[in-house]
Amino acid sequence: MATREKGATSGTSGTGRNPRRLVIVESPTKARKIAPYLGRDYVVEASVGHIRDLPRGAADVPAKYKGESWARLGVDVDHDFEALYVVSPDKRAKVTELKSLLKDADELFLATDPDREGEAIAWHLLETLKPKVPVRRMVFHEITESAIRAAANDTRELDNDLVDAQETRRILDRLYGYEVSPVLWKKVMPKLSAGRVQSVATRVVVSRERDRMAFRSAEYWDILAKLDAGEKASPRTFGARLVSVDGSRVAQGRDFGADGQLKSSSVTVIDEPYARRLAEALGGVDLVVSSAESKPYTRKPYPPFMTSTLQQEAGRKLRFTSERTMRIAQRLYENGYITYMRTDSTTLSESAINAARAQATDLYGAEYVHPTPRQFTRKVKNAQEAHEAIRPAGDVFATPGQLHSSLDTDEFRLYELIWQRTVASQMADARGTTLTLRIEGTAGTGEVCTFSASGRTITFAGFLKAYVESVDELAGGQSDDAESRLPALEEGQAVTATELEPDGHTTNPPARYTEASLIKALEEMGIGRPSTYASIIKTILDRGYVYKRGSALVPAWVAFAVVGLLEAHFGRLVDYDFTAAMEDDLDKIAEGQAQRGNWLSNFYFGGDVGAEGSVARSGGLKKMVGTRLEDIDAREVNSIKLFKDDEGRDVYVRVGRFGPYLERAVKDSSDGAAPDAVVSQRANLPDELPPDELTVEYAEKLFATPQEGRVLGVDPASGNEIVAKEGRFGPYVTEILPEPEAPQEDPAKPPAKKAAKKVAGPKPRTGSLLKSMSLETITLEDALRLLTLPRVVGNDPATGEEITAQNGRYGPYLKRGTDSRSLANEEQMFTVTLDEAVQIYSQPKQRGRQASTAPPLRELGKDSATDKPMVIKDGRFGPYVTDGETNASLRKGDEVESITDARASELLADRRARGPVAKKTTKKAAAKKAPAKKAAAKKAPAKKVAAKKA
DNA sequence: CAGTGAGCGAGCTTCCGCTTGACTT
């Protein structure tokens, strides 16, 4: 492991000839671009991003560290959080290449991006390449010949504080992700994940859905008037809306809260009957303009694109997903059409500003260009601004028309968008007028009614001629070039109403997030980086936390469970300000005002509340994870309380292994049940039912619908319908028996007893699917075959007992009285003959350890620790090494044929070191919750999923 | 959420942020 020393870089060398320099940048495209600027004394090569990282999992950890308690994390938390870095497998060839290039170089220039990650990449290069020649750090913000040459002549040393800040960020993310995710595996579902970025992203989406679920809509009315201003007016007619009655403002949507109630009492809510009466009473009355207010309208152009805004606009205008936008932008970048596409800066280089202005002048005329160059310095939270804005490449922009034949459709559309936005950014403000008219009249019933109309006329389009930003269709809103013309009326002028239409409205819940609006929200919180926006969406989709419905992101129920758990037990970690606070702390580290080790220690171990950072001041993560594991009740976490039904019973969504389902406690009405006994009533939830559509009424409907599986067809023999379902023990098929004749309802006598007896009648046949089958593909034929089980093989000639073949908990087996024998495969259940069965029974029962006394796959030498001989055996979980006492599975990369004694000893030592921890916790956990059921679940074999959340 | 007879060694899942091909279809 490497430690950092100050001043790892040093001055230039002084040989006679021109020194040869190896320059390493991050991107190959960049390397190609700057090489000509530097000339032949420079060799420019790309690192292609990071070359090393923390090990991804145990398999990536070098043998030397495998036994360490911290190997799982890749960070030695007990020794100043020293990080273990490994060269990423796909970068090994790159590292070799760089090393060989370095052999011919007299000097090394680390020209990675000028931001935190770039500084870290430079340091990793230094650590990995171990150059013997002088090393300099070269930084540039602009790729022009002069900027590159200047950068090569004005190098600096590596900024170790900045590298520290990056490493702190990296380690924090690792500790967060790799400590909290396992909590979810144990409490919710395996393979789930938590992380600083994805968990907040998920929380944001869930939180919006909760708002939608809690939302109560309100109804309100007003009157839409069509007014005539006389034949001289232009336009002659226009629309206006009733805004006040007798001086009291008429309620609008924004006057209502999410609960459907008025937020303030100073407004008047008009209901339908009143709106109709009023419209009637206003018929034919004199209307007069009571005020006409005109204001100038100006609009500045939008800043040039950065990654987030490009993704948002491409999403809205072109309906591209973030991923698609980035894929196309990457191609445009690589082929030299646009500048770098992963940026958080809106800055344009001087030459780009000139190019945009020249093009705007050409196309629209000088008056459409802003008098002075515009620079947009609006800073994004935590922006690092290592690159320019996204714009057409070069000192002269190619017009979309010029590129039409060299780009494909998607590329063209995206280029055009970027080009328009860039050119528009240097154009003049749009100017116009907004006019607000108020029109008054007294209704026949005496009320003084005021109507209002507002219009916008654009007198000078300016930049709007080139580019108008789209508005989010889910959120509503008005675009900047929307015009509505009103006649230029003055106070006192008379108008007449040609139509008075009562108009009803309802308030709407807040819109769901789209990819674009979620990225925008995250960006505003300073969460995520341009290079990760698209992958954040992918992560929460892949984990099943959200799914898409059109362009909307809908949270799955499992996201409610996960977010609920995190909020309740790891609140600080999903706090919206957590990342912002972290960034402040990282800045302090980068400035040398805080220490990486202290900060991480406070974050991980907690301890004294020092000056080392606000994020860290939340109690130690390690302890939190430890205590939470015992505190968190999995059943509670996975029960999402929805509402009370009509009888006051709580209705829950339970997140189970086979998907979410509805549940409530109802009175047990079965035969012989105690009067106050309660049973769970459950109902399946349709796939991808958006949570806010699950209303009380809909829940009742689901409870009333019998649960059904996929109908496969009708059994020709019995006439019964055959269905395939997912059950507690995995997928199975069963038959639907015809309904017993409905008992005659006798209101005087409850028919409970009779009905119960009928239900307990003949049981439907069932059969688990074979391993080779799946619910999606199983056919009626398969199902009928399964329902023939158990199959009578015959009677044992010796004892006369019946032998049957059937499928059980542990797979296929033969049964004769209470004596059983496993079958080798599932097919034998259908094919085994009586002779073969008798033969199998003639063998003693293989049980326990005897069953697994197969010959070892390979014999090894003696264990270095216990001096016992070691052998490799094949077990249920694959090959493992054993010394007769300790067993340890071979890991990824270990081969039965080639494993050495030393490695085998290491595995055994590792296993011993770990101790029987896992077993202890399972037992404890099992004992803690519903004892009876847990015991059964524990016994279930691994492949049949344990019903851990009953 | 169907319901049926044993007892054996776990190991893996997971984070965020930097970059492109090399694969497959």
Sugar-phosphate, base or nothing in reach of A/Leu192, heavy atoms under 4.0 Å: sugar-phosphate
Touch class at under 4.0 angstrom, heavy-atom based, for A/Thr112 against every strand present: nothing
Contacts of type salt bridge (Lys or Arg N to Asp or Glu O under 4.0 Å), residue A/Arg331, not counting sequence neighbours: A/Asp408, A/Glu411
For A/Glu179, all residues meeting salt bridge (Lys or Arg N to Asp or Glu O under 4.0 Å), sequence neighbours excluded: A/Arg72
Side-chain N,O (A/Tyr178) to OP1/OP2 (B/dC15) below 4.0 Å: no
Nearest-angstrom distance from the residue atom CD of A/Gln166 to P of B/dC16: 14 Å
Paired and unpaired positions of DNA chain B as dot-bracket, Watson-Crick or G-U wobble under 3.5 Å, | denoting a partner strand: .........................
Touch class at under 4.0 angstrom, heavy-atom based, for A/Ser193 against every strand present: sugar-phosphate
Donor-acceptor side-chain pairing of A/Arg543 and A/Ser193 below 3.5 angstrom: yes
A/Asn720 versus A/Glu735, side-chain donor and acceptor atoms under 3.5 Å: yes
Plane angle bin for A/Phe578 and A/Phe603 - parallel if under 30°, tilted between 30 and 60°, otherwise perpendicular: tilted
Sugar-phosphate, base or nothing in reach of A/Pro790, heavy atoms under 4.0 Å: nothing
Distance-only donor-acceptor check, side chains A/Ser768 and A/Asn807, under 3.5 Å: no
Atom pair distance, as rounded to whole Å: CG in A/Asp542 and P in B/dT14: 10 Å
Tabulated below should be each protein N or O lying under 3.5 Å from an N or O of nucleotides 17-21 of chain B; please produce it.
unit_1 : atom_1 : unit_2   : atom_2 : d
B/dG17 : OP1    : A/Arg196 : NH2    : 3.1
B/dG17 : OP2    : A/Thr532 : OG1    : 3.1
B/dG17 : O4'    : A/Arg169 : NH2    : 3.4
B/dC18 : OP1    : A/Arg529 : NE     : 3.3
B/dC18 : OP2    : A/Ser531 : OG     : 2.7
B/dC18 : O3'    : A/Glu26  : OE1    : 3.2
B/dC18 : O2     : A/His50  : N      : 2.6
B/dT19 : OP1    : A/Asp113 : OD2    : 3.1
B/dT19 : OP1    : A/Tyr340 : OH     : 2.4
B/dT19 : OP2    : A/Tyr340 : OH     : 2.7
B/dT19 : OP2    : A/Arg342 : NE     : 2.9
B/dT19 : O5'    : A/Tyr340 : OH     : 3.4
B/dT19 : O4'    : A/Gly49  : N      : 3.4
B/dT20 : OP1    : A/Ser27  : OG     : 2.5
B/dT20 : OP2    : A/Gln330 : NE2    : 3.1
B/dT20 : OP2    : A/Arg342 : NH2    : 2.7

Salt bridge (Lys or Arg N to Asp or Glu O under 4.0 Å) partners for A/Glu97, two or more places apart: A/Lys94
Whichever of A/Ala58 and A/Arg170 has its nearest DNA chain B nucleotide further upstream toward 5': A/Ala58
Distance-only donor-acceptor test (3.5 Å): side chain A/Ser822, base B/dA6: yes
Touch class at under 4.0 angstrom, heavy-atom based, for A/Gln198 against every strand present: sugar-phosphate
Sugar-phosphate, base or nothing in reach of A/Arg543, heavy atoms under 4.0 Å: sugar-phosphate
Counterpart residues, salt bridge (Lys or Arg N to Asp or Glu O under 4.0 Å), relative to A/Lys538 (two or more places apart): A/Asp542
Heavy-atom donor-acceptor pair, A/Glu26 side chain to A/Thr112 backbone, under 3.5 Å: no
Pi stacking test for A/Tyr880 and B/dA10: under 5.5 Å apart, planes under 30°: no
Touch class at under 4.0 angstrom, heavy-atom based, for A/Ala59 against every strand present: nothing
